[in-house]
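In what follows, chains are A, B, ... by sequence order, proteins preceding strands, each numbered from 1. Keep in mind that the numbers below use all heavy atoms, side chains included, and drop hydrogens, waters and symmetry copies.
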Protein chains: 2
Amino acid sequence: MNEPPAQKAKSPFPDAAQRKAAREAKREAVLLAAVRMFNERGFHATSLDDVALSLGVSKPTIYHYLGNKDQVLLECVSIGLAQLQQAAEEARRLPGAGIDRLRTFLERYAQVNMDDFGRCVIRTGEELLSPASAARFRAKKREIDDALRALIEEGVADGTVAAPDARLLAFTLAGALNWPARWFDPAGPMSREDAARAMVDVLLQGFAPRP
Amino acid sequence: MNEPPAQKAKSPFPDAAQRKAAREAKREAVLLAAVRMFNERGFHATSLDDVALSLGVSKPTIYHYLGNKDQVLLECVSIGLAQLQQAAEEARRLPGAGIDRLRTFLERYAQVNMDDFGRCVIRTGEELLSPASAARFRAKKREIDDALRALIEEGVADGTVAAPDARLLAFTLAGALNWPARWFDPAGPMSREDAARAMVDVLLQGFAPRP
DNA sequence: GAAAAAATCTACTCACGAGTATATTGCATT
DNA sequence: AATGCAATATACTCGTGAGTAGATTTTTTC
């Protein structure tokens with residue numbers, strides 16, 4: 001009864017769907033290799049020859065899967081931004097007090113910023129992208145920022161969040177939780193989850209002692 | 001009685017000290033023009049020809065005052081770092097409770113990061129500098145970070161600062177107060193001082209309501 | 001099995017921008 | 001007056017790396 005699927009899985013003759021998936025996998029491998037090198041050495045210090053070499057292929061192969069260097073970077077940051085956006089949507093859908101939903105989002109936000117694609121979002125200045133790509137980049141970041149601000153305002157509305165100025169609080173929180181993109185070392189003593197939770201705790205409680 | 005000085009000031013024949021000062025002024029003008037363009041367009045997108053043109057001179061003139069592009073950048077970040085270091089020393093010398101000294105430092109820190117040279121410190125990744133310059137850059141940043149951590153620990157010691165983990169608090173505060181280098185607009189509605197104070201307030205109090 | 005399409009390579013072009021060789025002018029010191 | 005140094009310019013070199021042309025091989029489709 002399960003023979004045909006077994007054969008199908010083993011067959012060296014992929015069908016159309018499998019071929020498409022394989023192509024997609026290669027595309028993603030290129031993006032992953034690229035984003036790691038961008039994060040490590042910086043965008044300008046990474047040539048597409050380097051990226052190709054690290055994958056054991058040649059530069060035109062990259063151009064076969066992605067248009068040009070600008071597009072490689074745009075795809076990388078778009079993946080990171082999609083992760084953040086998903087975190088925002090999940091938090092927005094959550095029931096409960098404003099502060100708890102905000103907290104959930106912030107922790108996830110910090111975690112993404114410690115990962116390959118999230119780090120790239122933070123480290124990528126707009127000047128690295130073409131004007132057209134920079135505009136799309138800015139628009140997406142704007143959406144995340146709006147979501148954060150909305151979450152804050154909902155918390156203020158239900159009285160669980162204290163914020164004299166939602167905009168400023170949003171920038172402050174974002175800044176604190178973006179910074180791990182620069183300093184966090186996954187090989188260090190703390191896990192992403194622990195670091196994220198500890199940072200959000202500090203931001204929530206403040207560094208003045210509570211009675 | 002004041003005739004000789006008056007003549008001296010008016011004289012079109014500068015003495016040695018004045019010539020040295022003029023040279024220094026030119027050097028600084030180059031650095032200011034450079035740092036502004038670096039902040040605006042990014043380091044790689046700014047050629048020294050651009051900087052020279054904006055000052056109405058030619059590229060070799062810049063090389064006459066500064067060694068090369070790497071050194072231009074190193075000087076720029078060094079100026080910003082010196083401002084931060086000064087803020088740290090002043091706070092360390094201050095009398096009073098740990099939390100107040102920390103607060104003073106943090107506000108000044110934020111203000112510097114909204115200014116030309118401070119912004120450049122934040123926006124400059126180590127990959128932009130030569131290995132030798134990057135090492136010096138890292139060492140100086142390290143000193144600032146140590147000073148911040150010391151201030152925090154002194155506050156914890158005298159019971160005015162609550163910090164389960166001084167290292168993590170330092171990163172969190174630094175991140176929040178670095179971020180204005182990316183978003184703050186001096187032409188906007190808020191002054192640097194107001195923005196700095198408001199951000200530090202949020203960090204001090206936390207966004208959970210206090211009873 | 002032939003034709004078309006996909007995947008990949010080698011070997012180029014071309015622009016840009018850092019850094020330099022060298023000339024010119026003028027002030028400074030003797 | 002002669003020599004030398006400071007300041008500046010013009011006009012180059014030269015490396016690097018993005019992007020491309022065109023050939024080659026493999027796979028798919030008919």
Side-chain angles (χ1 to χ4, degrees), chain A residues 8 11-31 33-34 37-38 40-76 127-133, chain B residues 8 11-31 33-34 37-38 40-76 127-133:
Chain A
K8 208 182 196 175
S11 165
F13 303 101
D15 62 22
Q18 283 172 316
R19 281 205 316 280
K20 196 168 171 191
R23 186 188 165 92
E24 190 52 34
K26 287 187 192 174
R27 202 183 132 96
E28 279 165 19
V30 170
L31 291 174
M37 292 182 96
F38 291 163
E40 210 54 38
R41 319 182 181 179
F43 178 72
H44 282 295
T46 303
S47 76
L48 289 188
D49 277 317
D50 292 335
V51 176
L53 193 67
S54 82
L55 290 164
V57 297
S58 69
K59 185 169 50 172
T61 299
I62 291 183
Y63 280 86
H64 184 67
Y65 290 98
L66 292 154
N68 56 24
K69 203 183 177 188
D70 177 65
Q71 210 172 106
V72 172
L73 181 57
L74 180 62
E75 290 277 321
C76 288
E127 64 281 356
L128 300 185
L129 289 160
S130 69
S133 300
Chain B
K8 207 182 193 175
S11 164
F13 303 101
D15 61 21
Q18 282 171 317
R19 281 204 317 279
K20 194 167 172 191
R23 187 188 164 91
E24 191 51 34
K26 287 186 192 174
R27 203 183 131 96
E28 279 164 20
V30 170
L31 291 174
M37 292 182 96
F38 292 163
E40 210 54 37
R41 320 180 180 180
F43 179 71
H44 281 296
T46 304
S47 75
L48 289 188
D49 276 317
D50 292 336
V51 176
L53 193 66
S54 84
L55 291 164
V57 298
S58 69
K59 186 169 49 174
T61 299
I62 291 182
Y63 281 85
H64 183 67
Y65 290 98
L66 292 154
N68 56 24
K69 204 184 177 188
D70 176 66
Q71 209 172 106
V72 172
L73 181 56
L74 179 62
E75 290 276 321
C76 288
E127 64 280 356
L128 300 185
L129 289 160
S130 69
S133 300

Inset, instruction - Assign a letter to each nucleotide of nucleotides 16-22 of chain D from its 5' end: B, base within under 4.0 Å of a protein heavy atom; S, sugar-phosphate only; -, no contact. - result: -SBBB--
Legend entry - Residue-phosphate contact under 4.0 Å: A:His64 side-chain N/O, C:dT8 OP1/OP2: no
Inset, instruction - Starting at atom CG of B:Asp50, determine the distance to atom P of C:dG19, rounded to an integer number of angstrom. - result: 14 Å
Legend entry - Test: A:Lys69 cationic atom under 6.0 Å from A:Tyr63 six-membered ring centre, within 45° of axis: no
Inset, instruction - Name the nucleic acid region contacted by B:Ser58, choosing base, sugar-phosphate or nothing; use a 4.0 angstrom heavy-atom cut-off, strictly under. - result: base
Legend entry - B:Arg23 side chain near D:dA7 phosphate (N/O to OP1/OP2, under 4.0 Å): yes
Inset, instruction - Answer yes or no: does a side-chain N or O of A:Lys26 lie under 4.0 Å from OP1 or OP2 of C:dA7? - result: no
Legend entry - Nearest atoms (heavy-atom pairs only) where B:Leu129 meets B:Leu74: CD2-N, 4.0 Å
Legend entry - Student check: side-chain heavy atoms of A:Arg23 and A:Tyr65 closer than 4.5 Å: yes
Legend entry - Nucleotide C:dG17, atom C1' - distance to CG of B:Leu73 in whole Å: 16 Å
Inset, instruction - Taking the side chain as every heavy atom from C-beta outward, state whether B:Leu48 and B:Asn68 have any pair of such atoms under 4.5 Å apart. - result: no
Inset, instruction - Mind calculating the distance between CD1 (B:Ile62) and P (C:dT20) to the nearest angstrom? - result: 14 Å
Legend entry - Whole-Å distance separating the CZ atom of B:Arg27 from the C1' atom of D:dA7: 16 Å
Legend entry - Within residues 50-60 of chain A or reaching into it, pairs that qualify as salt bridge (Lys or Arg N to Asp or Glu O under 4.0 Å) - sequence neighbours excluded: A:Arg41-A:Asp50, A:Asp49-A:Lys59
Inset, instruction - With the side chain counted from C-beta on, respond yes when B:Glu127 and A:His44 share a heavy-atom pair under 4.5 Å apart, and no when they do not. - result: no
Legend entry - Whole-Å distance separating the CG atom of A:Leu55 from the P atom of C:dA7: 16 Å
